[in-house]
Amino acid sequence: MEKVWLKQYPAGVPAEVQTDLYPSLVALLDESFRKYRALPAYLFMGRSFDFGRIDDDSRALAAYFQGLGLARGDRVAIMMPNVPQYPVTVAAVLRAGYVIVNVNPLYTPRELEHQLKDSGAKAIVILENFAATLQQVAGEVPTKKIVLAALGDMLGPIKGAIVNHVVRNVRKLVPPFELPGAVRFNAALSAGRHQTLTEPKIGPDDIAVLQYTGGTTGVSKGAVLLHRNLVANLLQAEAWYQPALKRVPPGEQIVTVCALPLYHIFGFNTNMMLSMRMGGCNILIANPRDIGAMLKDLAKQRFHSLPAVNTLFNALANHPDFDRVDWSHLIISIGGGMAVQQATARLWLEKTGCPICEGYGLSETSPSATCNPVDSTTWSGNIGLPMPSTELCLLDDDGREVAPGTAGEIAIRGPQVMAGYWQRPDETAKVMTADGFFRSGDIGTVDERGYFRIIDRKKDMILVSGFNVYPNEVEDVISLMPGVLECAAVGVPDARSGEAVKLVIVRKDAALTEADVRAYAEANLTGYKRPKVVEFKDDLPKSPVGKILRRELRG
């Protein structure tokens with residue numbers, strides 16, 4: 001496909017980025033720790049943690065890990081929400097020459113067991129709130145070195161003790177557990193300070209992260225992300241953000257709201273690593289589901305950037321405390337992880353004056369593949385243009401490029417594309433083409449300017465009497481209806497048509513009825529796209545990053 005999209009790039013955004021600027025993430029971290037030592041890197045529970053503190057603590061933890069006898073390339077799991085121990089542990093694991101295995105702390109024992117076994121993780125750093133889950137599988141997994149973190153670890157002796165007391169004894173957020181031999185996070189830091197860190201030579205082709213996919217297409221697989229993949233993607237994002245970043249007053253530190261979970265690749269690279277590169281500060285939001293508490297945190301800060309998913313933008317904009325926050329410094333609202341809906345985009349722009357700039361990516365692409373220009377003034381419904389140094393094309397089922405104007409599977413080639421799936425050459429072969437494109441499983445179109453649009457996931461498509469129905473389209477239409485807070489469309493078996501559309505709605509207005517929805521659908525959707533089943537629920541099932549889990553609504 002001809003790179004027509006390059007003509008649409010904003011002034012100052014290059015077609016290619018120098019992706020080999022750093023030989024590894026470690027080299028990038030070392031430079032940032034040196035350059036920005038006195039600047040705050042993270043804000044958490046009223047405390048500021050500067051780059052120097054993260055540097056010193058991560059060196060100590062890295063030395064501790066090496067003292068455990070782990071071999072270079074061994075996998076270390078991290079199972080924590082957005083707490084300051086997370087970036088400390090990430091830097092420690094990488095500096096010591098190991099591989100990060102990002103683990104969702106809300107995993108069930110079954111899911112955790114699979115990931116620890118599959119990755120072969122020898123060690124884990126885990127918040128004590130989730131230790132009971134680990135205890136249930138401890139005898140079945142190779143993960144024998146355990147470091148236990150507590151919420152108040154890095155808050156100082158007095159505040160830390162108070163926070164831990166409240167978490168454990170008042171709010172009862174730490175279920176009882178027994179993990180013999182586990183070492184406390186602060187004890188590991190203390191031991192590491194008396195040990196010497198041996199700095200291994202780490203290169204671009206060394207593995208940095210095993211990022212497990214959500215398992216929506218079967219068993220959860222580890223995307224192998226090399227140091228060069230992640231370095232390339234954060235440099236691509238930095239180049240892409242430049243038109244907006246120029247609006248930050250000279251000398252003012254860029255502050256980003258970190259509500260995306262850091263264990264998710266979107267938060268990992270877009271929040272943590274990109275901010276490290278730019279000397280920025282992240283406001284760590286440990287529980288983004290508590291919208292009231294999040295807004296209370298944000299009311300105390302000036303911030304410039306908010307990467308989020310549609311559900312979080314929607315929940316924030318509809319919260320009664322929204323206007324207590326000063327949104328006037330917000331220059332970038334990046335939407336990803338799922339489709340941004342028109343109703344959400346419209347409300348967000350109206351309330352903040354900062355349009356949601358929708359992007360697209362996957363765990364397998366570190367994650368960013370496309371994004372709308374950050375100097376856009378409106379929401380387009382597109383996923384934007386390929387990032388610098390990135391190519392996209394549309395393929396048919398046989399791997400051939402489709403004719404112009406035809407929908408096809410989005411395929412991505414660029415320096416951010418993974419090396420493959422961990423120890424699954426068969427699965428890797430299914431998604432990688434001979435000429436290096438990654439087949440995303442998403443169906444899309446491209447216009448004459450080079451803007452791509454997602455129609456839907458291949459597997460989410462609903463086939464009604466031979467007609468393709470894309471859930472995103474149905475959801476986008478119904479979400480514009482007054483009285484609808486959120487909705488999701490799925491396919492359910494139907495004796496007459498093979499499949500039918502089922503629509504699940506969370507009401508904003510309790511007076512909304514099924515008859516109202518059917519009348520609205522009749523006015524806005526052709527017959528086969530209209531829901532045959534309409535259900536109302538109090539909430540929709542979502543992944544920790546906020547993506548609606550359609551598969552759970554099919555029953």
Side-chain angles (χ1 to χ4, degrees), residues 40-58 60-61 64 77-92 103-107 124-135 146-179 182-193 255-263 267 271-272 275 281-301 303 321 324-325 544:
Y42 297 95
L43 300 175
F44 179 72
M45 295 186 78
R47 287 291 167 98
S48 172
F49 301 89
D50 60 31
F51 280 79
R53 167 85 184 268
I54 305 298
D55 180 18
D56 295 344
D57 284 357
S58 67
L61 190 58
Y64 172 79
I78 308 177
M79 189 171 176
M80 293 186 281
N82 292 0
V83 292
Q85 295 97 316
Y86 207 109
V88 167
T89 304
V90 163
V103 181
N104 179 347
L106 299 180
Y107 265 170
I124 187 169
V125 182
I126 183 171
L127 194 72
E128 63 180 6
N129 303 46
F130 312 104
T133 306
L134 178 59
Q135 180 190 335
I146 301 168
V147 176
L148 269 178
L151 203 63
D153 280 341
M154 294 179 65
L155 298 174
I158 297 172
K159 184 167 183 175
I162 293 168
V163 167
N164 287 340
H165 173 76
V166 170
V167 168
R168 293 166 184 162
N169 305 310
V170 179
R171 300 186 66 191
K172 310 283 188 193
L173 294 176
V174 182
F177 66 88
E178 283 184 37
L179 289 169
V183 174
R184 286 283 171 181
F185 186 85
N186 285 346
L189 287 186
S190 183
R193 289 193 179 99
V255 178
T256 301
V257 179
C258 186
L260 293 168
L262 290 172
Y263 58 81
N271 279 95
M272 180 168 58
S275 287
C281 179
N282 274 291
I283 303 169
L284 292 176
I285 307 294
N287 179 15
R289 291 167 190 245
D290 188 344
I291 301 296
M294 178 176 169
L295 288 168
K296 195 174 173 184
D297 265 1
L298 297 186
K300 301 170 191 167
Q301 310 293 342
F303 52 89
D321 293 340
R324 294 186 182 179
V325 174

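Computed from heavy atoms alone, side chains included, the values below leave out hydrogens, waters and symmetry copies.
The distance from atom CZ of Arg184 to atom CD1 of Ile146, rounded to the nearest 0.5 Å, is 11.5 Å. Distance CG/Asn129 to CE/Met79: 10.5 Å, rounded to 0.5 Å. The line from CG of Asn82 to CG of Leu260 is 8.0 Å long, rounded to the nearest 0.5 Å. To the nearest 0.5 angstrom, Leu295 atom CG is 12.0 Å from Lys300 atom NZ. Within the model, atoms CE of Met80 and CG of Leu127 stand 7.5 Å from one another, a figure rounded to the nearest 0.5 Å. Distance CG/Leu134 to CD1/Ile124: 5.0 Å, rounded to 0.5 Å.
Side-chain N or O atoms of Glu128 include none that pairs as donor or acceptor with a backbone N or O of Ala149 at under 3.5 Å. Of the possible polar contacts, one joining the Lys172 side chain to the Asn169 backbone as a donor-acceptor pair under 3.5 Å is found. Distance alone, capped at 3.5 Å, places no donor-acceptor pair between the Arg168 side chain and the Val174 backbone. In this structure a side-chain-to-backbone donor-acceptor pair under 3.5 Å is present from Asn186 to Asp153.
A 4.5 Å side-chain heavy-atom check between Asn287 and Arg289 finds at least one atom pair inside the cut-off. Contact annotation: the side chain of Gln301 never approaches that of Val255 to less than 4.5 Å [non-hydrogen atoms, C-beta and beyond]. At least one side-chain heavy atom of Tyr42 sits under 4.5 Å from a side-chain heavy atom of Pro87. In this structure the side chain of Leu189 never reaches within 4.5 angstrom of the side chain of Tyr64, judged on heavy atoms. Between Phe185 and Thr89 there is a side-chain heavy-atom pair separated by less than 4.5 Å. Contact annotation: the side chain of Ile78 never approaches that of Val103 to less than 4.5 Å [non-hydrogen atoms, C-beta and beyond]. Here the side chains of Phe130 and Pro81 are in contact, with some heavy-atom distance below 4.5 Å. A 4.5 Å side-chain heavy-atom check between His165 and Val170 finds at least one atom pair inside the cut-off.
Other residues, nucleotides and ligands contribute only 12 or fewer heavy atoms inside 6.0 Å of the NZ atom of Lys296. For Arg324, the CZ atom is loosely surrounded, since the number of other residues' heavy atoms within 6.0 Å does not exceed 12.
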Q | Step-by-step side chain to side chain contact (heavy atoms under 4.5 Å, CB included) determination, Asp57 to Arg193 | A | CA-CA 8 Å; Asp57 284 357; Arg193 289 193 179 99; 2.7 Å; yes
Q: Apply side chain to side chain contact (heavy atoms under 4.5 Å, CB included) to the pair Leu148 and Val183, showing each step before the final yes or no.
A: CA-CA 6 Å; Leu148 269 178; Val183 174; over 6 Å; no
Q: Check step by step if side chain to side chain contact (heavy atoms under 4.5 Å, CB included) holds for Ile283 and Phe303.
A: CA-CA 9 Å; Ile283 303 169; Phe303 52 89; 4.2 Å; yes
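Shown here for Phe49 and Met154, the closest heavy-atom pair between the two residues is CE2-O, 3.1 Å. The two atoms that bring Leu43 and Cys281 nearest to each other are CG-SG, 3.7 Å, heavy atoms only. Pairing each heavy atom of Pro544 with each of Tyr263, the nearest pair is CB-OH, 2.6 Å. When all heavy atoms are compared, the tightest approach of Asn164 to Ala150 is OD1-CB, 3.6 Å. The nearest pair of heavy atoms linking Val257 to Asn271 is O-ND2, 3.2 Å. Considering every non-hydrogen atom in both Cys258 and Leu262, the closest pair reads SG-CD2, 3.6 Å.
A side-chain N or O of Ser275 and one of Asn282 form a donor-acceptor pair less than 3.5 Å apart.
Applying the ring-ring contact (aromatic ring centres under 6.0 Å, His included) test to Phe51 and every residue at least two apart in sequence or in another chain returns Tyr36.
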